[in-house]
Amino acid sequence: PVARLSSAQRCGCIRARALLLQWNLVCEDDWKAPLTTSLFFVGVLIGSFISGQLSDRFGRKNILFSTMAVQTGFSFLQIFSTSWEMFTVLFLIVGMGQISNYVVAFILGTEILGKSVRIIFSTLGVCIFFAIGYMLLPLFAYFIRDWRMLLLALTVPGLFCIPLWWIIPESPRWLISQGRYKEAEVIIRKAAKINGVRAPAVLFDTAEMQDSKPQQQQKAILLDLFRTRNIATITIMSLLLWFFTSVGYFGLSLSTPNWHGNAYINCFLSAVIEVPAYVIAWLLLRSLPRRYSLSGTLFLGGGVVLFIQLVPADFNVLSIGLVMLGKFGITAAFSMLYVYNVELYPTLVRNMAVGATSTASRLGSIIAPYFVYLGAYDRFLPYILMGSLTVLIGILTLFLPESHGNPLPENFEQMLKVKW
């Protein structure tokens with residue numbers, strides 16, 4: 001699903017261009033082509049917002065597979081679109097489903113897996129497959145020029161996810177937070193048996209169940225992310241961090257058609273650079289504090305992008321190299337955001353927090369194309385703005401709490417404090 005999400009997001013731009021010929025979106029209707037891609041990201045925005053609340057209320061597994069069905073089903077219906085309006089409405093719904101199963105799958109994995117494996121899953125696991133989907137897109141698009149057939153090729157793999165329903169368990173942490181101890185115990189004992197670990201005879205005693213009962217009965221709402229000054233500060237800073245990092249990431253990704261050379265090769269190179277970025281992010285998360293790792297990669301990405309304005313116009317290869325290095329830093333930071341964000345919030349609102357911050361990220365992705373568009377007035381202006389904002393948010397990151405080496409918080413009292 002992650003690889004499909006990555007390829008489908010980039011495929012939105014290709015499909016939008018294909019619609020120019022399919023439904024004659026030129027002259028007075030040329031505004032519809034970029035709007036098609038923008039509305040896809042609007043769907044992503046809506047999905048980011050509701051996915052967290054839905055999975056916190058109805059469970060990680062149920063929402064994961066429901067949104068995967070939405071993504072696959074409505075992507076298939078797009079193939080039979082008879083008008084631009086029909087295609088765009090379906091495209092918006094596809095965007096909602098895609099980001100929802102991405103966010104929920106990430107949360108489910110982090111809550112099921114242990115600390116050491118969780119970091120591998122969050123960086124090398126999720127992100128490497130995201131990059132694989134990214135790299136496959138220019139390959140598919142090069143050989144499949146018809147947008148309907150390209151869409152079909154990206155939709156069919158969704159059917160391979162159906163057997164995963166009988167393999168992927170529900171999150172024991174979520175079940176415990178809902179007071180469903182028997183279901184959680186079955187999953188935990190099964191995991192212990194598979195791992196060759198002997199589980200204790202009693203996992204949850206009556207006293208423990210009674211002590212934590214008030215927390216299970218409590219239903220989280222969005223305002224809980226702002227219930228105290230400390231939580232509100234962390235939430236606001238996290239929203240800004242995700243927003244500006246997203247602007248930098250998508251701004252550099254969407255600017256690949258403006259580079260010199262073959263567009264397919266440039267898109268492939270933009271995907272390839274993400275692989276070492278994810279590997280570096282994994283190595284940093286294993287041994288170094290979260291704040292310094294995140295801030296350092298943001299400084300690297302933003303600083304290099306700012307330096308592009310000093311490169312002479314004739315040095316095209318050097319300019320492309322700096323853009324790639326800048327994307328390397330911002331991509332590494334982006335991959336660490338999910339891990340960091342998960343570690344800051346308690347179980348009751350963890351998925352909601354990731355959904356809210358991911359919503360801020362989608363707002364950044366919606367306006368990122370307009371940063372690229374500023375290059376029509378001054379080719380250095382997009383890089384100056386993206387570089388400056390990235391460096392600024394790198395400074396802000398230093399004031400967030402340090403979660404490295406701490407267990408995941410289970411309640412609001414266990415949340416870490418901001419650094420001031």
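Just so you know, residue 1 is the first one in the sequence shown, and it goes up from there. All heavy atoms count here, side chains included; hydrogens, waters and symmetry mates do not.
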message = Ala69: which residues meet the side-chain contact (heavy atoms from CB on, under 4.5 Å) condition with it, sequence neighbours left out?
response = none

task = Begin from the C-alpha positions of Ser171 and Lys61 and carry the test side chain to side chain donor-acceptor pair (under 3.5 Å) through to its verdict.
result = CA-CA 8 Å; Ser171 167; Lys61 183 177 179 179; over 6 Å; no

key: Counterpart residues, ring-ring contact (aromatic ring centres under 6.0 Å, His included), relative to Phe328 (two or more places apart)   = none

task = State, to 0.1 Å, how close Pro169 and Leu108 come at their nearest heavy-atom pair, and which atoms those are.
result = O-CD1, 3.7 Å

note = Sorted by chain and number, sequence neighbours left out, side chain to side chain donor-acceptor pair (under 3.5 Å) with Thr397 holds for none

Gap between atom OG1 of Thr357 and atom CZ of Arg362 - 0.5 Å precision = 9.5 Å

message = Under 6.0 Å between ring centres: does that hold for Phe307 and Tyr383?
response = no

message = Consider side chain to side chain contact (heavy atoms under 4.5 Å, CB included). Of Ile236, Asn230, Ile231, which one does Ile234 pass it with?
response = Asn230

query = Looking at CD1 of Ile79 and CG of Leu154, how far apart are the two atoms once the value is rounded to the nearest 0.5 Å?
reply = 9.5 Å

key: Closest non-hydrogen atom pair between Leu337 and Leu241, with its separation   = CD2-CD2, 3.2 Å

key: Atom pair CG/CD1 of Leu298 and Ile395 - distance to nearest 0.5 Å   = 10.5 Å

key: Shortest non-hydrogen separation from Val275 to Met135 and the atoms involved   = CG2-CE, 4.0 Å

key: Set of side chain to side chain donor-acceptor pair (under 3.5 Å) partners for Ser246, sequence neighbours left out   = Ser361

key: For Phe76, all residues meeting ring-ring contact (aromatic ring centres under 6.0 Å, His included), sequence neighbours excluded   = Phe80

query = Which ring pair (Phe, Tyr, Trp, His ring centres under 6.0 Å) pairs, counting each pair once, include a residue from residues 271-296, with sequence neighbours left out?
reply = none

key: Reported CG-to-CD1 distance for the pair Leu113 and Ile120, which is rounded to 0.5 angstrom   = 9.5 Å

query = How many angstroms lie between CD1 in Ile144 and CG in Leu150, if you round to the nearest 0.5 Å?
reply = 6.0 Å

query = Quick one: side-chain contact (heavy atoms from CB on, under 4.5 Å) partners of Leu90, sequence neighbours excluded?
reply = Phe74, Leu77, Gln78, Ser81, Met86

remark   = The side chain to side chain donor-acceptor pair (under 3.5 Å) partners of Ser335 (sequence neighbours excluded) come to none

query = Does Trp174 have its ring centroid less than 6.0 Å away from the ring centroid of Phe58?
reply = no

task = Report yes if some heavy atom in the side chain of Ile112 is under 4.5 Å from a heavy atom in the side chain of Phe121; otherwise report no.
result = no

request  = Taking atom types as modelled, find out whether Ser270 and Tyr134 have a side-chain donor-acceptor pair closer than 3.5 angstrom.
outcome  = yes

query = Would Lys327 and Glu274 pass as an ion pair if we require N to O under 4.0 Å?
reply = yes

key: Listed partners of Arg60 passing salt bridge (charged side-chain N to carboxylate O under 4.0 Å, His left out), at least two apart   = Asp56, Glu111

request  = For residues Gly301 and Ile330, report the shortest heavy-atom separation together with the two atoms involved.
outcome  = CA-CG1, 4.1 Å

ask   = If every non-hydrogen atom of Phe299 is compared with every non-hydrogen atom of Val391, which pair is closest and at what distance?
value = CE2-O, 3.5 Å

key: side chain to side chain donor-acceptor pair (under 3.5 Å) involving Tyr345 - partner list, sequence neighbours excluded   = Thr235

inquiry  = If you compare all heavy atoms of Met324 against all heavy atoms of Ile273, which two are closest, and at what distance to 0.1 Å?
reply    = O-CG1, 3.5 Å

request  = Using the ring of Tyr142 (Phe, Tyr or Trp, six-membered ring only), decide whether Arg145 places NZ or CZ under 6.0 Å from its centre and within 45 degrees of its axis.
outcome  = yes

inquiry  = With a 3.5 Å distance limit and no angle check, can you tell me whether Glu170 reaches the backbone of Leu175 through a side-chain donor-acceptor pair?
reply    = no

Heavy-atom check, side chain of Phe65 versus side chain of Ile168, under 4.5 Å = yes

ask   = Which residues satisfy the side-chain contact (heavy atoms from CB on, under 4.5 Å) test with Val342, sequence neighbours excluded?
value = Phe106, Ile107, Thr110, Arg350, Val354, Leu408

What donor-acceptor contacts under 3.5 angstrom involve side-chain atoms of residues 186-194, with partners at least two apart or in another chain?
residue: Arg189; atom: NE; partner: Glu185; partner atom: OE2; Å: 2.9
residue: Arg189; atom: NH1; partner: Pro200; partner atom: O; Å: 3.2
residue: Arg189; atom: NH2; partner: Glu185; partner atom: OE2; Å: 3.1
residue: Arg189; atom: NH2; partner: Pro200; partner atom: O; Å: 3.0
residue: Arg189; atom: NH2; partner: Ala201; partner atom: O; Å: 2.8

CG-CG distance between Leu45 and Leu39, expressed to the nearest 0.5 angstrom = 11.5 Å

